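Just so we're on the same page: letters track the sequence lines, and every chain starts at 1. All figures in this text were calculated on a predicted structure; none of them were measured in a lab.
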Protein chains: 2
Amino acid sequence: MTTGGTPTVETIAEHAGVSIASVSRVLNGHGARADTVRRVERAAAELGYVPNAVARSLQGGRSMQLTFAMQDIGNPVYVSMVRQIQSLAKAQGYRLLLHSTDAVLADELAVLRSLADRTSDGLIICPIRITPEHLEALRTAARPVVVIGSLPSEAPVDSVRTDSVAGARLAVHHLLDTGRRRVAFINGPADTVPGANRYAGYRSALEERGLSVDPALVRTTEFTIEAGAAALHALLDEAPAADTAADHTADAAAEPRLDAAAVDAVFCANDQLALGAAQALHSRGLRIPEDVAVAGMDDSTLTRASWPPLTSVDLGSAERGRIAARMLLDRLSQDGGDAPPPASARTETVTPRLIVRASTTAAPTAPAAERLPEEACR
Amino acid sequence: MTTGGTPTVETIAEHAGVSIASVSRVLNGHGARADTVRRVERAAAELGYVPNAVARSLQGGRSMQLTFAMQDIGNPVYVSMVRQIQSLAKAQGYRLLLHSTDAVLADELAVLRSLADRTSDGLIICPIRITPEHLEALRTAARPVVVIGSLPSEAPVDSVRTDSVAGARLAVHHLLDTGRRRVAFINGPADTVPGANRYAGYRSALEERGLSVDPALVRTTEFTIEAGAAALHALLDEAPAADTAADHTADAAAEPRLDAAAVDAVFCANDQLALGAAQALHSRGLRIPEDVAVAGMDDSTLTRASWPPLTSVDLGSAERGRIAARMLLDRLSQDGGDAPPPASARTETVTPRLIVRASTTAAPTAPAAERLPEEACR
DNA sequence: CTGAAAGCGCTAACAC
DNA sequence: GTGTTAGCGCTTTCAG
C-alpha cells in the first residue's frame, strides 16, 4: 500500500518491479543488470525519489555532517575559518553545522558531549579558554575532534595552533623598529588564551629591547571596535604626559608631538580593537601613522576597510580553518571516526606573518597585491 | 548481549531491569512510577547514555535542523542574519546547517531539492536571482521555506523583503539634500535582484529632482571592497571634467572643487563598495565628505570600521534574519512542517532607514548611541 | 545478479 | 504503569 506520501525504496521497487535490495544497489552503484538499472533509475526519476538521509545515517552510522563551534560568527576571524571548513567539507559530501557558543563554557562542553548523539561525525572547535573539564570532555569525546587553538601538550587531541606570542612580538618589534618608544597595548580579556599570549608577546618584545611594560600603557577590554575606541580615549586621557580631552581638536596636527609624548604607537590584540583605536585617534585629530602608529592582529578584512590600511599580524585564520578541516576529514576517512584518536594526536602550527601597511609606515612595504589567495575572491 | 559499544535504550533497560519502552518514557518525561524513573535515570547517568538523535529523527520524522543558504558568509549582511537565525533556532532546540551557494544557480536549486532528504526541517534562503526554476523548486519544496528577498507576488512562499528601491532613494535624496549635484553610483552586478533595485532607486531619486542619470557616473562591478576602489578610480579617471590620475596628489586638497567638478558624491550599492570608494578617495588625497560624500547600503559593521564613519542605509539584515527565523519556526510548529505552505504565504517587509554619519555630513545628525539593539553587543 | 530478511536505535500503539 | 511489538527507510548479509 505504498501510495501517496513521499516515495521510498519500496515505492520505487514496486514501480520498477524489483526488490528493495535491487533499488538500493542501483542507487548506490553496486552493480546490477543493465535492465534492472534502467528500470530503477526510470522509476526513481519519475517519482522524484530522494533518499532519506536520516535513514541512511541510522543504518550507516555516519551523518555526513561536521560541526564547527566558535564563540561568535560576528568575528571576521571565524568567518574566514567557516569559509574554508565549509568548502572542504562540501567537497567531500559533508554538510556543516554551525554552533555559536557565545563563549559560554557550558555551551562548549555541551557541544563536545553532544557528539555522542550521532548528529555529527566530527567537530572543529575554537575554545576560548581551556579548563580541566574541557580536557576531560575532549578526552572522552565520542567522535574525532580538532581544536583550533593552543592546548596543553599532553592533551591527546588533534590541534592547529598559531604562535600568537611570536605574532605579537613581530608587531611590537616592528613598531620599535620604526622608531616608536611609547608603545601602548590594548588587549582583550586577559584570562583567555589569546589574551594571555598576546600580552606575553608584547611584554617579551619590549624586554628584548631593554624596555619594560608601563602599566599605564596597557588596557584590557573586550574584543570589539567600540571597546578599542574607548580604551584609546582612556589611554590618552589618563596616560602620564597626556593633555585633557578638551585640548584635542583638529589643530592638534600643528603640534603633533604633543600627544605623542604619552603614546606614539598602539598595538592592539586584534583588528577590531585596532579599528576602534584608529577611530578614536581620528576623532582626536591625531594622524596615523605620523602621530600615532597603529597595528592589529588577525589580518582580517577589516585591515583593508580602515584608513590608512592597517598593519596587522596574519595569524593564518583561513589557513588554520583549512588545516583543521583537512585533519578532521583525514581522521574520518582513516578509521571511519569510530575510534577516538589514539595516542597519535597531531599538532600543526601556523607561522604568523607581519603584514605592514600604511598605519605604521608612511611608505608601506608591500603597497598592494599581496593578498591574492583565498581572501581576494570575495 | 548488549555489551561494549555505545549504550542504547536496550543497554539502559537491562541495567535498570525494565523494558526499553519504560526507558523511552522516562527519558521523554512521559510519566512512570517514581521507582522506575529513578532506576532508569541512574542507569543512564552511570553509562553516560546519550540518545541517538538520528534514530530519533527517523522515527519522529523531524531532524530538528534548519538550513540557512546564502551566497557567501564573507558578506557581513549574511553574518548578521546567521546570528539571529542561529539564536532563535537554538532557543527552540534546532541546530543550524549553513550552506554557501557561491551564487551558483545549480547549488541554490540543489539546496531546495535536497529538502526532500529529511536532513533539514526547513530552509531559509537568500537567492540572488529568481529564475523560473527557482519558482518551480520553491513551489514543490518538500518542507517549509522562507525566502529572504523579493519574490514575484504570485509565488506561494513565505518571504521577508526590504524595499531596497526606497532605500536607495533615501540615500540619493540625502546626498542631493546636502547640496551634491554630481552623484555617482557604484553598483553590484546589474542582473541580480539587489543590483537592479538599487539602480532603480538611484534613478528614480534623481528623476524626482528633475535630474537624469549620467551614464558616465554609473559603474557596475562586483560587491567587494577592491571592486569599489577600482570603480571609483575609473570613475574619476574617465569622468568628463576629471583631470588625469597623475594630478591627484595630496595637494589637491588645496583646490577641492577641482575633482568635484566631476563627482561630488558617490552612492554605493553596499558598504563594501563604499569602503573601497572611500579608500580610493583617500589615496587620491580627496577629503570625505568635503570633496566627495560617500554613502553605502546595509549598515553593516563596516560602517563603523571606516573613517569617517559611513552613512548607510539600514536594510534591516538582522531584523530580516530574525523575522525569517520566526516565520519558519511558526510554520514548523503549526503543521509540523509536513504540508508545504498552503495558499497562505506570508510576506513581511522591513522598512529601510537612512543612518547618517560623517561620510556625508561634516556634523552628523546622530552622533552616536543610535545603534543599540542587536549589533552593539558584538 | 537478485530477493528475503535482519537490523541501525528509537518511539508509540497496543495489550496486559 | 509496564512490557511487547511494530515499524520509521535504508543498507547489507545470506541464500538462491
- Note on the structure: Whole-Å distance, L58(A) CG to dG9(D) P, equals 12 Å
- I12(B) atom CD1 is separated from dG3(D) atom P, nearest whole Å, by 15 Å
- Message: What's T36(B) touching, base or sugar-phosphate or nothing? Going by heavy atoms closer than 4.0 Å.
- Response: sugar-phosphate
- Query: So do the side chains of D158(A) and T347(A) get within less than 4.5 Å of each other, counting heavy atoms only?
  - Reply: no
- Item | d(CZ, R38(B); P, dG1(D)) in whole Å | 16 Å
- Min side-chain heavy-atom separation L332(B)-Y94(B) under 4.5 Å: yes
- Note on the structure: In short, I73(A) meets V79(A) closest at the heavy-atom pair O-CG2, 3.3 Å
- Which part of the nucleic acid does V18(B) contact within heavy-atom distance under 4.0 Å: base, sugar-phosphate only, or nothing? sugar-phosphate
- Task: Please determine, by modelled atom types, if S100(B) and D102(B) share a side-chain donor-acceptor pair under 3.5 angstrom.
- Result: no
- Task: Can you check each nucleotide of nucleotides 11-16 of chain D against protein heavy atoms at under 4.0 Å and return B for base, S for sugar-phosphate only, - for none, in 5' to 3' order?
- Result: BBB---
- Take atom CZ of R62(B) and atom C1' of dG9(D), then tell me their distance rounded to the nearest Å. 18 Å
- Is it true that the side chains of E319(A) and Q84(A) contain a donor and an acceptor less than 3.5 Å apart? no
- DNA chain C: first to last nucleotide in contact with chain A (atom under 4.0 angstrom from a heavy atom), 5' to 3', is dC1(C) to dG9(C)
- Message: Assess, by modelled atom type and distance only, whether the side chains of S57(B) and R118(B) contain a donor and an acceptor separated by less than 3.5 Å.
- Response: no
- Let me know, please, whether D35(B) or A55(B) comes out on the 5' side of the other along DNA chain D by nearest nucleotide. D35(B)
Kindly list each side-chain donor-acceptor pair under 3.5 angstrom involving residues 122-134 of chain B, sequence neighbours excluded, with atom names and distances?
{"residue": "R129(B)", "atom": "NH1", "partner": "D191(B)", "partner atom": "OD1", "Å": "3.1"}
{"residue": "R129(B)", "atom": "NH1", "partner": "D191(B)", "partner atom": "OD2", "Å": "2.6"}
{"residue": "T131(B)", "atom": "OG1", "partner": "E133(B)", "partner atom": "N", "Å": "3.3"}
{"residue": "T131(B)", "atom": "OG1", "partner": "E133(B)", "partner atom": "OE1", "Å": "3.3"}
{"residue": "T131(B)", "atom": "OG1", "partner": "H134(B)", "partner atom": "N", "Å": "3.1"}
{"residue": "T131(B)", "atom": "OG1", "partner": "H134(B)", "partner atom": "ND1", "Å": "2.8"}
{"residue": "H134(B)", "atom": "ND1", "partner": "T131(B)", "partner atom": "N", "Å": "3.2"}
{"residue": "H134(B)", "atom": "NE2", "partner": "E108(B)", "partner atom": "OE1", "Å": "2.5"}

- Closest approach of F68(A) to I148(A) (non-hydrogen atoms, all atoms of both residues): CE1-CD1, 4.4 Å
